[in-house]
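Each remark here refers to the structure printed beneath this line.
What's counted below: heavy atoms across the whole structure, side chains too, no hydrogens, waters or symmetry copies. Sequence positions, counted from 1, serve as the residue numbers for this chain.
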Amino acid sequence: MRAFTYERAKDPVAAARAVAANPGARFLAGGTNLVDLMKIQVETPTHLVDVQDLGFDKIEATPEGGLRIGALVSNTALAADERIRRDYGLVTRATVAGASGQLRNKATTAGNLLQRTRCPYFYDTNLPCNKRRPGSGCSAIGGYSRQLAVVGTSDACIATHPSDMAIAMRALDAVVETVNAEGQTRAIPIADFHRLPGDTPHIETALATGELITAVTLPKPIGGTHVYEKVRDRSSYAFAVVSVAAVIQPDGSGRVAVGGVAPKPWRMAEAEAALPQGAKAVTTRLFAEARPTEHNRFKLALVERTLAGVLHETRTA
């Protein structure tokens, strides 16, 4: 790990200002992803701004009937909250499917959304990676790509987004709230929060430099049956090969977001419109522009079968 300086922020605007003013600075919250990347020098910040004292650790009702989840609410606290379990079961199911109990105790809501890809070529500093070093090339293209994306990719990157919680948040139309160095606030729909790689895969979100996440807001509960199904290579402590987050209403309509297949949580309104027709109709639309490799083409059928299982589960619930 390379040397760095450190400060503990007491005010969100001051924290944003400290990072905005220093190109080598990063926010530090739970540190479950950032510190690991620092150890292998994938991330090499020169300055860390610790935001753990900013008080963003509460879950509060909104005037619209939803919930505002502070950016620093731990994954454990989020999943266990009675209101989340009752009205947003998809969030609880997805969150407990991720990592381990020890990591969930430290990992934060904002940090979960900001996880870096687990592409093995991103982690190997001996190989080119456009996320690590823009313009250096993508070793995954033409390499072993079983775990990587089948849709939403570009000629510059085929990495996947790793978060389970983000898939659930996408299905529920969450909104990400932020503040910048001037004290200006923004509300970013989660559909617009994560970016597709295009020619700039190192730019992964809509956040500007120094912009700090303060909360994630869930709208009024939508009811229905909530199911999160994660397919992985071992039963725990593994990232999704594919995952399906679904909210199915009694009339068969609903919402579906998919993980493990794209650089961002993958959801399409035209695919959801086909839910009454079954899993194949949905996935045909979801993957209409898919560009799988020989190693990960199986994900297309795996998502279809997983969704079919989810739909069967909701009908018999």
Please check if L113 and V19 belong to a single hydrophobic cluster, counting links between Ile, Leu, Val, Met, Phe, Trp and Tyr side chain heavy atoms closer than 4.5 Å.
no
Determine whether a donor-acceptor pair (N or O, by modelled atom type, separation under 3.5 Å) exists between the side chain of T46 and the backbone of T5.
no
Do Q249 and D251 pair up side chain to side chain, a donor and an acceptor below 3.5 Å, judged on atom types alone?
no
Using atom types as modelled and distance alone, determine if a side-chain donor or acceptor of N296 lies under 3.5 Å from a backbone N or O of L148.
yes
Do L311 and L275 make a side-chain contact, defined as non-hydrogen atoms from C-beta onward lying under 4.5 Å apart?
yes
D233/R146 ion pair, N-O < 4.0 Å:
yes
Taking R133's backbone N and O only, do any of them form a donor-acceptor pair with S136's side chain (distance below 3.5 Å, no angle check)?
yes
Is R68 reaching over with its side chain to a backbone N or O of E177, donor-acceptor style, under 3.5 angstrom?
no
Between T314 and T225: side-chain donor-acceptor atoms closer than 3.5 Å
no
Test item: side-chain donor near acceptor, N105 and S74, under 3.5 Å
no
Check R116 with D36, please: is the shortest side-chain N to carboxylate O separation under 4.0 Å?
no
Run the side-chain donor-acceptor check on residues 85-94: report pairs under 3.5 Å with partners two or more places apart or on a different chain.
unit_1: Y88; atom_1: OH; unit_2: P219; atom_2: O; d: 2.6
unit_1: T92; atom_1: OG1; unit_2: A79; atom_2: O; d: 2.9
unit_1: R93; atom_1: NH1; unit_2: G89; atom_2: O; d: 3.4

R195 bridged to D192 by N-O distance under 4.0 Å
no
